[in-house]
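Data block below; observations after.
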Number of protein chains: 2
Amino acid sequence: MKGYNYRTTDNDPTTTLPLWEALVTDAVGDVIEFWGFKRNHGRVWALLYLRRQPMSSSEIQEALDLSKGAVSMITRDLEVWSVVSRVRQATSSAWHFVAEVEFMQMIGQVLEQREGQLISRVATDLKDAGRLASEQEDMDPETLERIERMRRLAGMMQQALEIFTRTAQLDVSKTRDLL
Amino acid sequence: MKGYNYRTTDNDPTTTLPLWEALVTDAVGDVIEFWGFKRNHGRVWALLYLRRQPMSSSEIQEALDLSKGAVSMITRDLEVWSVVSRVRQATSSAWHFVAEVEFMQMIGQVLEQREGQLISRVATDLKDAGRLASEQEDMDPETLERIERMRRLAGMMQQALEIFTRTAQLDVSKTRDLL
DNA sequence: CACAAAGTTCAAAGGTTCTTAAACTTCGCA
DNA sequence: TGCGAAGTTTAAGAACCTTTGAACTTTGTG
């Protein structure tokens, strides 16, 4: 969808990350990007989920070829969304991160939030438009009807999207031990 | 979501387009942009739908403050997607455009196409990753299990999205005379 | 406390997408 | 056929998003 590529070094990344791990992290990165998040959000989560043991920022940074700042920002996002948590390791003074498994929940939450903002604004604007149009002198009633129909269509989209997010979450909880 | 603003002239666009029309076209533009299309696709369709009579390229251009090239490209897209059609007017040698009403159909089609491409690629990559990982010497079976679980999650997303697109189209056909 | 390591922030760089303007092509008509 | 209007294509540029890298702040430990 976006396809940014900021790799500055020409080093083969497989020298630090096995191909199979790269395939998995990139695949999850693609999926998460499709849903409107950043590719690296998915890559970091997938790496932590695969490794199954806490990783430090610098380990993540090296494995995925990211900058220190990027790892800081991405892990903070993932933590806010509750899909990653921060733990202490006895052997090190640095924070380590582990993957949580509630992945669809994050997607559903953010989609519903985005959708809500959009639809409420659109509904307001279309209502205003209808009011202003009806105040016009030589207004065709058919035009007013069309505005009203668009308003209903927007509401329908909202319902459909709501159904989707609920279904997606339900499917996950149905097979709760999937991840 | 995107929100580009290339308005070069500082002229008030309401001098050429009544406020209520601008509200409607912008609202539809916002919705369509949310679905991954360009804002101006929605604006042009909404204008044609509101006006209820064929409009020439230059009329669209002036009403929505677009360039000649932009109108050409946008109308071509809309025509390919069958949400706008091109007609001849007796009074003019120029093509005119009218809005079709199958709006959700276009969204559903394009979503399913995008989704299909993505999911099939992800499925392939995760399958490859699982195969490569299982060929490793000291591979933990639990890790293989996690790759397999991600593969299943991807399939689940596909199903959920499919349900959504079908539901959205179904809702429209149920109320087929909505628009 | 001091200092070193870890973590955060943000201006600037790098990359992608969209729009425009101008060159180019096609179409309608005399 | 030749001309002008209509329409299409595309290189250049504007706007936007993401990442980086360095300065800055916080944290842990002797």
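All values reported here derive from a predicted model rather than from experimental measurement. Chain A is the first sequence line, chain B the second, and so forth, proteins listed ahead of strands; every chain is numbered from 1.
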Just to be sure I understand the rule, does B:Ser57 reach a base, reach only the sugar-phosphate, or reach nothing, if contact means heavy atoms closer than 4.0 Å?
sugar-phosphate
Can you name the side chain to side chain contact (heavy atoms under 4.5 Å, CB included) partners of A:Ala133, sequence neighbours left out?
A:Met139, A:Leu144, A:Ile147, B:Trp20
Expected output is a numbered-order residue list: members of residues 85-97 of chain A with a heavy atom under 4.0 Å from any atom of DNA chain C. What is it?
A:Arg86, A:Ala94, A:Trp95
Other hydrophobic cluster members with A:Val87, side-chain heavy atoms of Ile/Leu/Val/Met/Phe/Trp/Tyr under 4.5 Å, chained?
A:Val98
For residues 21-31 of chain B, which side-chain N or O atoms pair as donor and acceptor with protein atoms under 3.5 Å away, sequence neighbours left out?
unit_1: B:Glu21; atom_1: OE1; unit_2: B:Arg51; atom_2: NH2; d: 3.1
unit_1: B:Glu21; atom_1: OE2; unit_2: B:Arg51; atom_2: NE; d: 2.8
unit_1: B:Thr25; atom_1: OG1; unit_2: B:Glu21; atom_2: O; d: 3.0
unit_1: B:Thr25; atom_1: OG1; unit_2: B:Ala22; atom_2: O; d: 3.1
unit_1: B:Asp26; atom_1: OD1; unit_2: B:Arg39; atom_2: NH2; d: 3.4
unit_1: B:Asp26; atom_1: OD1; unit_2: B:Arg43; atom_2: NH1; d: 3.4
unit_1: B:Asp30; atom_1: OD1; unit_2: B:Arg39; atom_2: NH1; d: 2.4
unit_1: B:Asp30; atom_1: OD2; unit_2: A:Arg121; atom_2: NH1; d: 2.6

So the ring-ring contact (aromatic ring centres under 6.0 Å, His included) pairs with at least one residue in residues 51-95 of chain A (sequence neighbours excluded) are A:Phe37-A:Trp81, A:His41-A:Trp81
Please report the distance, rounded to the nearest Å, between CD1 in A:Ile32 and P in D:dT18.
14 Å
What integer distance in Å separates A:Glu59:CD from C:dG7:P?
11 Å
Salt bridge B:Glu33-A:Arg114, side-chain N to carboxylate O under 4.0 Å
no
Under 4.0 Å between a side-chain nitrogen and a carboxylate oxygen: does that hold for B:Glu79 and B:Arg76?
no
From CD of A:Gln61 across to P of C:dA5 the rounded distance in Å is 15 Å
In whole angstroms, the gap separating C1' of C:dT20 from CG of B:Leu66 amounts to 11 Å
May I ask you to evaluate whether B:Asn40 reaches the phosphate of C:dC18, defined as a side-chain N or O under 4.0 Å from OP1 or OP2?
no
Rounded to whole angstroms, how far apart are CG on B:Asp65 and P on C:dT19?
12 Å
Contacting residues from residues 67-81 of chain B, given that a heavy atom lies under 4.0 angstrom of DNA chain D
B:Lys68, B:Gly69, B:Ser72, B:Met73, B:Arg76
Run through the side-chain heavy atoms of Ile, Leu, Val, Met, Phe, Trp and Tyr, join any pair under 4.5 Å, and report what else lands in B:Met73's cluster.
none
Applying salt bridge (charged side-chain N to carboxylate O under 4.0 Å, His left out), name anything that partners B:Arg52, two or more places apart in sequence or on another chain.
A:Asp140
Rounded interatomic separation in angstrom, taking CZ from A:Phe37 and P from D:dT18:
12 Å
Of all residues at least two apart in sequence or in a different chain, which pass the side chain to side chain donor-acceptor pair (under 3.5 Å) check with B:Ser85?
B:Glu100
